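In what follows, a structure is listed as structure tokens, so that the remarks can point back to it.
Throughout, numbering of the chain's residues begins at 1 and tracks the sequence. Source: prediction; values computed, not measured.
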Amino acid sequence: MLDLIFGDPQADRTVPHTGMTARLTVFVAAVMAFLAVIALAVSLTTNRVAGVWAQELAQSATLRLPADPVSADALLLSALDVLETTPGIRNVRALSQDEQQALLEPWFGPDLPLDALPMPQLIEIVADGDGYDVDGLRARLTAQVPGAILDDHTAWRQPLLDAAARVRLIGWTVIILIGATVGAMITLAAQAALAANVQVISVLRLVGAKDAYIARAFVRRFTLRAGAGAIAGMVIGVVVVLLMPQGSASGSLLTSVGFEGAEWIWPLLIPALAAIVAFFATRAAAFRRLKEQT
């Protein structure tokens, strides 16, 4: 570890301090670290927001009563009686006419004469922490409130969780591809540096330097370059994430992108992971190239 940090001044002379390979290594590491931070932020935020939404949907349900003006009041009283006596239900509230009209306005506009149309009565149901027996409640409603339809939001919740899982998979796939790209670019840069210093390497071999000694200098230099570039890219990515509009966790995904709590560990690990990738990529490229130059 100390050799990697401090290095050997004589061996370091075999690696160019400036030039295209140095700039390319730092630039690629910075760009890839920046993209990794953004991908992580989107993936973790999607998982967090989807979890909140799914939890809210799991604790809420809607009961729809038939649009029958004659029996509407009787059905409403019967439904409220069934719901209020069901274990696991914390709160029950019948939506007012204005609230139901507000729900339909985005679809039909504000000028639709809803007062002249038969409207089904909606009842909002909020469960407690343990929840309630959905099948048992449906059976009671079928017997006591004919025509009532209970929507426990299962049809909405599961697709939401499936979509969040796909986004997480895409996010981690992107991060893996970013790591592979960093490894490939650093491998090319290291091979170019080795080819440019073939005469210096030949002289070092003549004076007794082993391939491991020569390769160590390249590994150290490219590892530190990749780590430094990744730190810069990580910092820029975190700043961009912090500058994004922030909303509540249950709000829109586009206004909630960021890290919370222990999630901040992930962007901080990106420079270390970039350095590890650079270490193994440079080491493999150096020994392969030195073997070819033998």
Could you walk me through whether Leu122 and Leu63 pass the side chain to side chain contact (heavy atoms under 4.5 Å, CB included) test, one step at a time?
CA-CA 6 Å; Leu122 299 179; Leu63 180 65; over 6 Å; no

Under 4.5 Å between any side-chain heavy atoms of [X] and [Y], yes or no?
| X | Y | answer |
| --- | --- | --- |
| Met185 | Thr25 | no |
| Val145 | Leu76 | no |
| Leu35 | Val31 | yes |
| Leu83 | Leu137 | yes |
| Leu95 | Ile123 | no |
| Arg283 | Arg216 | no |
| Leu150 | Val134 | yes |
| Arg48 | Glu260 | yes |

Is Arg23 positioned over the aromatic face of Phe27, cation under 6.0 angstrom from the ring centre and no more than 45 degrees off axis?
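Relative to the ring axis of Phe27, which defines the angle, Arg23 lies outside at least one limit.
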
Holding to side-chain contact (heavy atoms from CB on, under 4.5 Å), I want the full list of residues that pass it with Ala274, two or more places apart in sequence or in another chain.
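Only Ala230 meet the side-chain contact (heavy atoms from CB on, under 4.5 Å) criterion with Ala274.
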
In chain order, what residues pass the side-chain contact (heavy atoms from CB on, under 4.5 Å) check against Pro66, with sequence neighbours excluded?
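In terms of side-chain contact (heavy atoms from CB on, under 4.5 Å), with neighbours along the sequence ignored, Pro66 is linked to Leu75.
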
Contact summary for [X] and [Y], nearest pair of heavy atoms:
| X | Y | value |
| --- | --- | --- |
| Arg64 | Pro120 | CG-CB, 3.7 Å |
| Gln121 | Ala94 | NE2-CB, 3.8 Å |
| Ser78 | Gln144 | CB-O, 4.0 Å |
| Ala79 | Leu65 | CB-CD2, 3.9 Å |
| Ile186 | Ala278 | CD1-CB, 3.4 Å |
| Val37 | Pro267 | CG2-CB, 4.3 Å |

How far apart are the C-alpha atoms of Val238 and Trp264, what are their side-chain angles, what is the distance that settles it, and do they pass the side chain to side chain contact (heavy atoms under 4.5 Å, CB included) test?
CA-CA 9 Å; Val238 169; Trp264 283 103; 3.6 Å; yes

[X] side chain vs [Y] backbone, donor-acceptor pair below 3.5 Å:
| X | Y | value |
| --- | --- | --- |
| Trp266 | Leu40 | no |
| Thr45 | Gly258 | yes |
| Thr86 | Val82 | yes |

Test salt bridge (charged side-chain N to carboxylate O under 4.0 Å, His left out) applied to Arg93 - qualifying residues, sequence neighbours left out:
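Checked Arg93 against salt bridge (charged side-chain N to carboxylate O under 4.0 Å, His left out); matches are Glu99, Glu124.
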
Flag yes if [X] and [Y] sit in one hydrophobic cluster, no otherwise; membership is Ile, Leu, Val, Met, Phe, Trp, Tyr, and two members link when side-chain heavy atoms are under 4.5 Å apart.
| X | Y | value |
| --- | --- | --- |
| Phe34 | Val235 | yes |
| Trp172 | Ile178 | yes |
| Leu242 | Phe259 | yes |

State, without any angle test, whether Thr85 and Arg140 hold a side-chain donor-acceptor pair at a distance under 3.5 Å.
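Checked: Thr85/Arg140 side chains pair up, N/O donor to acceptor below 3.5 Å.
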
